[in-house]
A.B. asks: 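Once you've had a glance at the structure underneath, I'll fire off some questions.
Here is the naming used below: chain letters follow the sequence lines, and residue numbers restart at 1 for every chain.
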2 protein chains.
Amino acid sequence: MVPKKEIATHKLTIYDVAREANVGVGTVSRVLNNHPSVTPQTRQRVLDVAARLNYQPHTYAQRLAKRQSETISAIIPFFTNYFFIEILQGVQDRISQLGYDLVLYGVNNLDQVEGYVSRALQRGRVDGILLFSMKLPEKVILRLKETNVPVVLVDTISPYFDSISVANFDGAYAATTHLIELGRLPVGMVNAPLVSTPAVERLQGYKHALETHGVEYSDDLVKTGYSTKQDGFNREAGYEAMVDFIKMGENMPKAFFISSDIQAMGAIAALSENELRVPDDIAIVGFDDIELARHLKLTTMRQPMYQMGILAVDRVVTRMSNTNLEILHTTFSPTLIVRESCGALRNSDGTREPSPRVTPSSEGSLR
Amino acid sequence: MVPKKEIATHKLTIYDVAREANVGVGTVSRVLNNHPSVTPQTRQRVLDVAARLNYQPHTYAQRLAKRQSETISAIIPFFTNYFFIEILQGVQDRISQLGYDLVLYGVNNLDQVEGYVSRALQRGRVDGILLFSMKLPEKVILRLKETNVPVVLVDTISPYFDSISVANFDGAYAATTHLIELGRLPVGMVNAPLVSTPAVERLQGYKHALETHGVEYSDDLVKTGYSTKQDGFNREAGYEAMVDFIKMGENMPKAFFISSDIQAMGAIAALSENELRVPDDIAIVGFDDIELARHLKLTTMRQPMYQMGILAVDRVVTRMSNTNLEILHTTFSPTLIVRESCGALRNSDGTREPSPRVTPSSEGSLR
DNA sequence: CCCAGCTTTGGAAGTGCTTCCAAAAGATGC
DNA sequence: GCATCTTTTGGAAGCACTTCCAAAGCTGGG
């Protein structure tokens, strides 16, 4: 005589389900984990009971027993940054598709990174770590290496870990070339301080474009803002740099490759405050293609951020199950998105956007 | 004779530490949890050993034994939305200050909510849930209620849960009044569809302002866009609504209260495409004060988003330790931030911002 | 009908912690 | 020095699962 208590007293364990379904706990566990060796009838019986009792397995007990966390953590530089947000969308979508949890650490300065990494490294806590554009302290690299947790770097490179990034050099080259070909000379550049890899590479790409096209380079063609937050990839810095350019008066360049869209936004503000019109007086090409760029009708180099997020997750998951893979660096090529700020469209219908932003299909399963 | 093996074989448990320090596991546990009844000497000895072995407790074992997860989950409508991102900053900062984990679920449509809530509700998984501006299906409310997990609603209200929100009515009233007082009549409104509470309340506040100031209301003073994502609080919707207004020609209002900054952005784009200048021809006041608003020099109603995030976390934590608190609804009053788009500053130095954005102190401990 | 060889099942042992209880060690007072 | 309290300590039991092993149940061939 088995008494059927429906009292969902909240303490319901796998034993309760087992008793109620007249099976052993092992069987319940197998059913819940889709283990094949259970007869369909038994499986159904267990499933019914579980549903009736509204049984929910205790996640942490599972994780403890299974010795894996089904959690991936992402450590991102503070997420006021649109670029990261957009990558994060891809990350979050893929992670939840795979049934993992995303735990998020927002970092404001490099010092915090170490703390968060330690945190993430607590045994069993996470199965994998995504690290966004940070130059890691040597110390952190060591710890990461020795614990052997799968790590994927996004928007940086290190010889020790997998990485997903964008071809900064090529992008800068393409952007600059576009401007040169439009005849908007001289072409200047608003860059971020050379503390970050993207800034360095984009500068090189820019210079290379000048060189290739026989345009002379000089140091006053490149300026950087003073505001250093986000490694200098922020609106104020763009504003400041452009103000400096404007001070050059007649000698100021007629076109600019700007190392991020957000800086471009600041730069454009500076221009408009000085009665300089984009693209009529000054042509602009940005970098990133954050959502804002569309709104601003900014010509820019698109980074497939959403895709990068997806890929980062896939990569970390692959490495989880296959521990000694070769280290792999994936590089996306940015593509030029021509909108209005470069002036290329001046004679066409100004609203048209050559290649529309990739939007999710309406099934909504992908996002 | 205790052999000292330094071999960090990754499987190091509390028993290893105990053996090595010549104490019982209970003592090690107490040390690690700052339990008072351990002598300073013993504590130090344990700490030394733990450090030497580089011992990391197993998070999930702790959570299982302690019967709490030290995790708070946030379910947010897809985070392409700047408003949520800014709240999330506060949430994330406070959560990590308190040593909790943040697990993030991004939701794209209401159907997903149920799934994620179930997920979050798995016993022991989270200690509290933050739900961002979603009208919850009755079903979900029930489940949430019966499991008795602390829930805090942000940017919505429900009689069943704590909530943090903003005085939409008052904000809309203030914004509209500001425009009326500037003499920019008639004042129209770009709203979102009345499916969400904020849209409803803001409309009421707007109407009330007209009424109070003896300005007549008519239905063609309010328009809504067609794009429905984000409940209509998106750039395209703002653009569309404004295009409709522009079709009115001469009769179009001379000023607009727009129910979100992001819609204001679209609206301004529509205006500028039609050679209408802001604020010279048309005055605009937005709502939210997302970071973008500053860039756009948009006059707007500021919601203290960062603070709201902080508070939401605090509230959920309080409720965690004190289970049967009264249900509390906290309402912030939005404040008017006068920038250029309303035209109030037309004769002053255009750049000045009356009340600068609250930024973290440089200690950086708060963010 | 019996036995070998599967498949399915039960349940003990293991996962790595916390906590409770009782015992040991120290204080205190007389 | 001893009895009594109070601190401090060790370690068993418990947390809620998974997994492994052995036992039970089937299947079909002889």
A.B. asks: So what does A/S37 touch, heavy atoms closer than 4.0 Å: a base, only the sugar-phosphate, or nothing?
C.D. replies: base

A.B. asks: Using whole Å, report how far CD1 of B/I14 lies from P of D/dA12.
C.D. replies: 15 Å

A.B. asks: Would you indicate, yes or no, if D/dG14 has its OP1 or OP2 atom less than 4.0 angstrom from a side-chain nitrogen or oxygen of A/Y15?
C.D. replies: no

A.B. asks: Rounding to a whole Å, what distance do you find between B/N34:CG and C/dT18:P?
C.D. replies: 11 Å

A.B. asks: Rounded to the nearest angstrom, tell me the gap between atom CG in B/D16 and atom C1' in C/dT15.
C.D. replies: 14 Å

A.B. asks: Given side chains that start at C-beta, do those of B/D101 and B/T59 come closer than 4.5 Å, heavy atoms only?
C.D. replies: no

A.B. asks: Between A/L47 and A/R43, is there a side-chain heavy-atom distance shorter than 4.5 Å?
C.D. replies: yes

A.B. asks: I want to check something: taking the side chain as every heavy atom from C-beta on, are A/I129 and A/V316 in contact at a cut-off of under 4.5 Å?
C.D. replies: no

A.B. asks: Taking NZ from A/K66 and P from D/dA16, how many angstroms apart are they, rounded to a whole number?
C.D. replies: 17 Å

A.B. asks: Taking the nucleotide of DNA chain D with the closest heavy atom to each, which residue, A/T59 or B/P40, is nearer the 5' end?
C.D. replies: B/P40

A.B. asks: Quick one: pull up OH in B/Y55 and CD in B/E20 and give me the separation to the nearest 0.5 Å.
C.D. replies: 14.0 Å

A.B. asks: Atom CD of A/Q68 and atom P of D/dC17: how far apart are they, to the nearest Å?
C.D. replies: 16 Å

A.B. asks: In whole Å, what is the span from the CZ atom of B/R63 to the C1' atom of D/dC15?
C.D. replies: 15 Å

A.B. asks: Looking for any heavy atom pair under 4.0 Å, which part of the strands does A/T42 touch: base, sugar-phosphate only, or nothing?
C.D. replies: sugar-phosphate

A.B. asks: If you find the nucleotide of DNA chain C closest to A/V23 and the one closest to B/T13, which residue's nucleotide is nearer the 5' end?
C.D. replies: A/V23

A.B. asks: Round to the nearest Å and state the distance from B/H35 atom NE2 to D/dT7 atom C1'.
C.D. replies: 10 Å

A.B. asks: What is the distance, to the nearest angstrom, from the CG atom on B/L64 to the P atom on C/dG16?
C.D. replies: 12 Å

A.B. asks: Quick check: are there more than 12 heavy atoms from other residues, nucleotides or ligands sitting under 6.0 Å from NZ of A/K145?
C.D. replies: yes

A.B. asks: With respect to the side chain of A/A65, which nucleotide from D/dT19, D/dC15, C/dG14 is positioned closest?
C.D. replies: C/dG14

A.B. asks: Got a sec: does the NZ of A/K135 have more than 12 other heavy atoms crowding it under 6.0 Å?
C.D. replies: yes

A.B. asks: Would you tell me if any nitrogen or oxygen in the side chain of A/T39 comes within less than 4.0 Å of OP1 or OP2 on C/dT7?
C.D. replies: no

A.B. asks: Can you sort out which residues in residues 25-33 of chain A have a heavy atom within less than 4.0 Å of DNA chain D? Ascending by number, please.
C.D. replies: A/G26, A/S29, A/R30, A/N33

A.B. asks: So, B/R125 versus B/T71: side-chain donor-acceptor pair below 3.5 Å or not?
C.D. replies: no

